[in-house]
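Below: the structure, in structure tokens.
Proteins get letters first, then strands, A, B, ... in listed order; numbering begins at 1 in each.
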Protein chains: 4
Amino acid sequence: MSESSPPRHQRRKEARPAELAAAALSLFVEKGFAATRLDEVAARAGVSKGTLYLYFDSKEALFRAVIEGSVVPLVEQSEARIEALKHDPERLLRETLVNWWFNFGATELGGICKLMISEAGNFPEVAAYYNEAVIVRWMNLLGRVLELGMEQGVFRRLNVDILRQQVFFPLLMQSVWKNSLAGCCAPVALPDSYFDTYFDLVFRGLLAAPPLEPSR
Amino acid sequence: MSESSPPRHQRRKEARPAELAAAALSLFVEKGFAATRLDEVAARAGVSKGTLYLYFDSKEALFRAVIEGSVVPLVEQSEARIEALKHDPERLLRETLVNWWFNFGATELGGICKLMISEAGNFPEVAAYYNEAVIVRWMNLLGRVLELGMEQGVFRRLNVDILRQQVFFPLLMQSVWKNSLAGCCAPVALPDSYFDTYFDLVFRGLLAAPPLEPSR
Amino acid sequence: MSESSPPRHQRRKEARPAELAAAALSLFVEKGFAATRLDEVAARAGVSKGTLYLYFDSKEALFRAVIEGSVVPLVEQSEARIEALKHDPERLLRETLVNWWFNFGATELGGICKLMISEAGNFPEVAAYYNEAVIVRWMNLLGRVLELGMEQGVFRRLNVDILRQQVFFPLLMQSVWKNSLAGCCAPVALPDSYFDTYFDLVFRGLLAAPPLEPSR
Amino acid sequence: MSESSPPRHQRRKEARPAELAAAALSLFVEKGFAATRLDEVAARAGVSKGTLYLYFDSKEALFRAVIEGSVVPLVEQSEARIEALKHDPERLLRETLVNWWFNFGATELGGICKLMISEAGNFPEVAAYYNEAVIVRWMNLLGRVLELGMEQGVFRRLNVDILRQQVFFPLLMQSVWKNSLAGCCAPVALPDSYFDTYFDLVFRGLLAAPPLEPSR
DNA sequence: GATGAATGAGAATTCATTCAT
DNA sequence: CATGAATGAATTCTCATTCAT
């Protein structure tokens, strides 16, 4: 009996912090940290304002939880893929980026990027944490993928710092855009052919032996 | 006695609005709109709180003024360059982007991008104005430059929407980054060779006849 | 130890709005709307400033509540008396006026007259509401009482509009006076014989067959 | 030359305080003291805000000037009439009241009554001054007129305090009404026959030998 | 004298946080 | 655990008053 799933009420109790953080995330992304009222967060999560304080010490703690709770796993998963695909850097890069987009950038969680960009100035410690735990690891990961390709002679030897920004920032910006201006006026254009064109450009710039140009 | 206290009433009706908007811009960028207190804006501009209200009806009006006051000229200037350089699309694109970076993205004004991204959700009308007056015009401009190159057979024929994002977003993201996370933890790496590598990648992906690869 | 400090949180959701409105009424009457600070209202009601906003959206809403909350019942009660006493218009008029004085004009509520006179210019909509809901109904009521008397040949046939003002304004002015100048310098003189003399004058002017003059 | 009228500019200068007080009066009456901004007063008088301070030390001083400046002469004028008409108390009373209405109650100055009623609580000293300088003198005057009539056997012997209120308050209330509720919703009804009916009622109540009743 | 830009104390309003129930 | 009434510090905004020009 001790190993059976807990009763519904119990499960609810354990899920609460995540539910509250999820409600907070969408509001923080939408309106910013300062402009989001805890009333609203509580309402969206279907609890009373006081309940928030059973799980989080303060509004700032809620912010930290939102940031800290839900990004690290993705990085770890991608890091694990390196070993499996290190023999095929092109595919590795392609998968890594597509994976980021569909599992993070294009999801609710993608809002964290816009949020962190907006609030880094107000929460330097949280930003430092995020930088260490996510940004540095993620950019290192991209760097290692690119270096793998260079070592194998598949990618051109160029400044890796610049290269990974060049490769990643278009996707990152799409995600940020989606969570700010796109909400009220300039919808993101992401046609089906997006990744075709995106990778066409990326790899033509990147590959030592670019694909044959059909139009020539 | 040689250092008398500054006069309490300094009359500067002409210059004041711009000074106030400049002070507001840097604070809005740094802390966000909601988290910026008008006290601080006034203090940074060297005036009292009440003075702000001689020039702006409300905090929101100040926000609008910050956004509306100072971006349009750049777009117009770049639009004017098209005609002069339409015979050399590669140089035109290069100049347009470098110009954007050094006259906007890398300056104080670049903070407007980060600010607008952060606050679009709270000020949909301002965002709509900014979208129309700046974003749409600027992306159209980039689109026209790319189309010029395609028409002349210099650039490959690809989806212009995707292309201009791919080309512009790395620069835009640099600017946004510079005004958020870079301030507290992850400084932007922009080595001298940045634009060499940037344009190497861009044009290798873009040009119908890519440059010879010297390194191989 | 027997006198513990009062609990900081006293839950009285039911009674609060009325308590707050009562506190507001007396201060509004005493100092006027604009000169009354919400701090004072809250203090007089024994709550904090913020509590006011749990029950009223704004200072103006509080004003409306003060005006709207507590006058209508009196008019209705008086209207109901007409039917019961329509066969004796003299007594009906007498009762109506005495009733007004003791149940309204001379009570706390009487302050509403002075308040409305002072603030009509600043709150035209509230004034319009008060005019419709109270003034028009009350003056119509007085008019009907007078007409009843005329129809039965008890009262002289005169312009009812003027008549009811002549009859009512002395009482109304007493109430207004009581809530303004009387508070600081010129106390209202209301000797026991007031209503004797008042009705002596009123009915001598009004009655078709005036009472015999005992004093001559 | 020394006796000729001063140059235009000079005349203007001397008239200023009165002009400013007049502008202030109408605004104070309309919106109350606290809700009137000195900006508005200055604008209505066609001067700048700073100019007000050349003539009045403070907003309160302006209020005092408004109250003190312009009521006393009327009382004095009416007091002077007593001697001339003391042999005909009925006509004296009639003239005194009609005079009050047309030279004060119905004019701009009548607004002072509403103003003083509204602000007595906030300016006890001004109210005390007004009480002494105007109210007491005016009510005494009315009292003396009534006593004259009683001494001559023309008026009935009744409590003078009550009597003068009964006689005067309807007119006073008309004036107050005109300057508050009448401005936004309930216009004062003053038909041509007003004073006929008014005096009919007053003197029928007052006179020892009332006029013959034509309708009987 | 006159002006109007500048000031800053003061008031309304908001909202994170607390705590009795 | 959960609630939501109550709190009060913090912030926007107003406007009487000052003073350099």
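Here the P atom of nucleotide F:dC13 and the NZ atom of C:K59 are 18 Å apart, to the nearest Å. Computed from coordinates, the A:D39 CG to E:dT17 P distance equals 12 Å when rounded to whole Å. Atoms CZ (C:F56) and P (E:dA12) sit 15 Å apart, rounded to a whole Å. As rounded to whole Å, 8 Å separates atom C1' of F:dA6 from atom OH of C:Y55. Rounded to an integer number of Å, the gap from C:F63 CZ to E:dA12 C1' is 17 Å.
Ion pairing of D:R44 with D:E40 is absent here, as no side-chain N (NZ or NE/NH1/NH2) approaches a carboxylate O to less than 4.0 Å.
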Paired and unpaired positions of DNA chain E as dot-bracket, Watson-Crick or G-U wobble under 3.5 Å, | denoting a partner strand:
.||||||||||||||||||||
Donor-acceptor pairs are to be reported for all side-chain atoms of residues 115-130 of chain A against protein atoms at under 3.5 Å, with residues two or more places apart or in another chain.
{"residue": "A:S118", "atom": "OG", "partner": "A:K114", "partner atom": "O", "Å": "3.0"}
{"residue": "A:S118", "atom": "OG", "partner": "B:S118", "partner atom": "OG", "Å": "2.9"}
{"residue": "A:E119", "atom": "OE2", "partner": "A:F33", "partner atom": "N", "Å": "3.0"}

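One finds a side-chain N or O of D:Y53 lying less than 4.0 angstrom from the OP1 or OP2 phosphate oxygen of F:dT17. Contact check, D:R16 against E:dG1: no side-chain N or O comes under 4.0 Å of OP1 or OP2.
When each of B:G46 and C:R37 is assigned the nucleotide of DNA chain E bearing its nearest heavy atom, the one mapping closer to the 5' terminus is B:G46. Comparing A:T51 and B:G50 by the nucleotide of DNA chain F whose heavy atom lies nearest to each, the residue mapping closer to the 5' end is A:T51. Looking at which nucleotide of DNA chain E each of C:L38 and B:L52 is closest to, the 5′-most match is held by B:L52.
Every residue two or more places apart in sequence or in another chain that forms a side-chain contact (heavy atoms from CB on, under 4.5 Å) with D:A24 is listed here: D:F28, D:V41, D:L62, D:V66.
When the shell of 6.0 Å around CG of A:D39 is examined, it contains more than 12 heavy atoms from other residues, nucleotides or ligands.
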Verdict with reasoning, D:V47 to D:R16, per side chain to side chain contact (heavy atoms under 4.5 Å, CB included)
CA-CA 10 Å; D:V47 300; D:R16 273 282 159 80; 3.7 Å; yes
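Checking E:dT17, E:dA6, F:dA2 against the side-chain heavy atoms of A:S58 singles out E:dT17 as nearest. Of the listed nucleotides (E:dA12, F:dG8, E:dT7), E:dT7 has the atom at the smallest distance from the side chain of B:L54.
The base of E:dT17 lies close enough to the side chain of A:K49 for a donor and an acceptor atom to sit less than 3.5 Å apart.
Formation of a donor-acceptor pair under 3.5 Å by the A:K31 side chain with backbone atoms of A:R37 is not found in this model.
For the atom pair CG (C:N179) and CD (C:E108), the distance works out to 8.0 Å, reported to the nearest 0.5 Å.
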